[in-house]
Amino acid sequence: MDRSEALAFLGKLIGSDLVGLGNKHGVTIWKGTRINKGWAGHTIERHLGLPLNSSRSPNFGSWELKVVPVRAMPDGTFKVKETMAITMIDPVEVAAKEFLNSHLYLKLQRLLVVARIFESKAESRSLCHLIAEFDLSDQALYHQIKADYDLIRDVIRTKGFDYLKGSMGVMVQPRTKGPGHGSRSRAFYARTALVATILGIGVR
DNA sequence: CTATGATCATCC
DNA sequence: GGATGATCATAG
């Protein structure tokens, strides 16, 4: 299935409840008192017929699936609730590659982002809001993200991986990610401003 | 353990 | 409410 086919397929989910869909596919949302933070992503993947796996994610071969929560505002508009993890930072790879050849750029050209409406952390219900394709075709945005990548790359090369901070970057930030408990791995995250641009919301 | 899927908890 | 660092489930 290519990206446009998936877009059409997932479009049928708009307005429906993803919690119910997740349960139908056997996705674990709550494990006792603790939540499976990836439940929404797992739900969509199962719906598309993918087995769960942790392989380096050209998970659909030619494009990348992401789902992000948005919050419904009283005035009827929507805001992005969270930043979005894009891909792990491999310091060796980042130091060696120009933005054009980076894993980050490759992924940003192949996104299919699903926005779900977050109601509460009980996650008793979550409606599918919209599906958006993204390919980083906007020049100004491309230059800003390249600048962020170059900043991160420069810090890794001149100071070291451990000097990266979540406060760096305008559209894309380097942030800790992993199982926690001392893990020091980091990933590129799309800040909410970038996510909003991808979704075409929050900007007016 | 670290990759994938992400959101939670706490600070301001 | 927004930003940053920490953390959860699952699979290999």
Which of the following nucleotides, C:dA9, B:dC8, B:dA6, is nearest to the side chain of A:Tyr189? B:dA6

Distance in angstrom units between A:Lys31 NZ and C:dC8 P, rounded: 14 Å

What's the NZ-P distance between A:Lys81 and B:dC8, to the nearest Å? 4 Å

Length of the line joining A:Trp39:CH2 and C:dT7:C1', which is rounded to integer Å: 18 Å

Any side-chain N or O of A:Lys177 less than 4.0 Å from the OP1 or OP2 oxygen of B:dT4? no

Determine whether A:Thr83 and A:Val195 make a side-chain contact, defined as any pair of heavy atoms from C-beta on separated by less than 4.5 Å. no

Pairwise N/O distances under 3.5 Å, protein to nucleotides 2-4 of chain C:
from: C:dG2; atom 1: OP1; to: A:Lys79; atom 2: NZ; distance (Å): 3.3
from: C:dT4; atom 1: OP2; to: A:Gln173; atom 2: NE2; distance (Å): 3.2
from: C:dT4; atom 1: OP2; to: A:Arg191; atom 2: NH1; distance (Å): 2.5
from: C:dT4; atom 1: OP2; to: A:Arg191; atom 2: NH2; distance (Å): 3.1

Polar pair under 3.5 Å, donor/acceptor by atom type, side chain A:Lys37, base C:dT7: yes

Assign the ring pair A:His47 / A:Phe9 to parallel, tilted or perpendicular, where the plane angle (0 to 90°) is split at 30° and 60°. parallel

In whole angstrom, what separates A:Arg186's CZ from C:dT7's C1'? 15 Å

To the nearest Å, give me how far apart CG (A:Leu48) and P (B:dG5) are. 13 Å

Whole-Å distance separating the CE atom of A:Met73 from the P atom of C:dG1: 7 Å

With nearest nucleotide decided by heavy atoms, which residue, A:Ser120 or A:Asn36, maps closer to the 5′ end of DNA chain B? A:Asn36

Any link between A:Phe161 and A:Val92 through a network of hydrophobic side chains (Ile, Leu, Val, Met, Phe, Trp, Tyr) touching at under 4.5 Å? no

Given the structure, check if the side chain of A:Thr176 and the base of C:dA6 hold any donor-acceptor pair shorter than 3.5 Å. yes

Within this structure, what is the CZ-to-P distance between A:Phe188 and B:dT4, rounded to whole angstrom? 12 Å

Short side-chain N/O contact to B:dG5 OP1/OP2 from A:Lys66, under 4.0 Å: yes

Nearest-nucleotide 5' precedence on DNA chain C, A:Gly38 against A:Arg46: A:Gly38

What do the steps show when you test A:Ser102 against A:Arg153 for side chain to side chain donor-acceptor pair (under 3.5 Å), and what is the final call? CA-CA 11 Å; A:Ser102 69; A:Arg153 190 180 184 213; over 6 Å; no

Look at the side chain of A:Lys121 and decide which nucleotide, out of B:dA6, B:dC8, C:dT10, has an atom nearest to it. B:dC8

Do A:Val114 and A:Leu13 come within less than 4.5 Å of each other through their side chains, counting heavy atoms only? no

Using modelled atom types only, decide if a donor and an acceptor are shared between the side chain of A:Arg71 and the backbone of A:Phe118 within a distance under 3.5 Å. no

Test your reading of the model: is there a side-chain donor-acceptor pair from A:Glu5 to the backbone of A:Asp2, 3.5 Å cut-off? yes

Nearest to the side chain of A:Glu64, which nucleotide is it out of C:dC8, B:dG5, B:dA9? B:dG5

Less than 6.0 Å separating the ring centroids of A:His103 and A:Phe188? no

Taking atom P of B:dA6 as reference, at what distance in whole Å does atom CG of A:Leu18 sit? 12 Å

Please pick, from C:dT10, B:dT7, B:dT4, the nucleotide with the shortest atom-to-atom distance to any side-chain atom of A:Met88. B:dT4

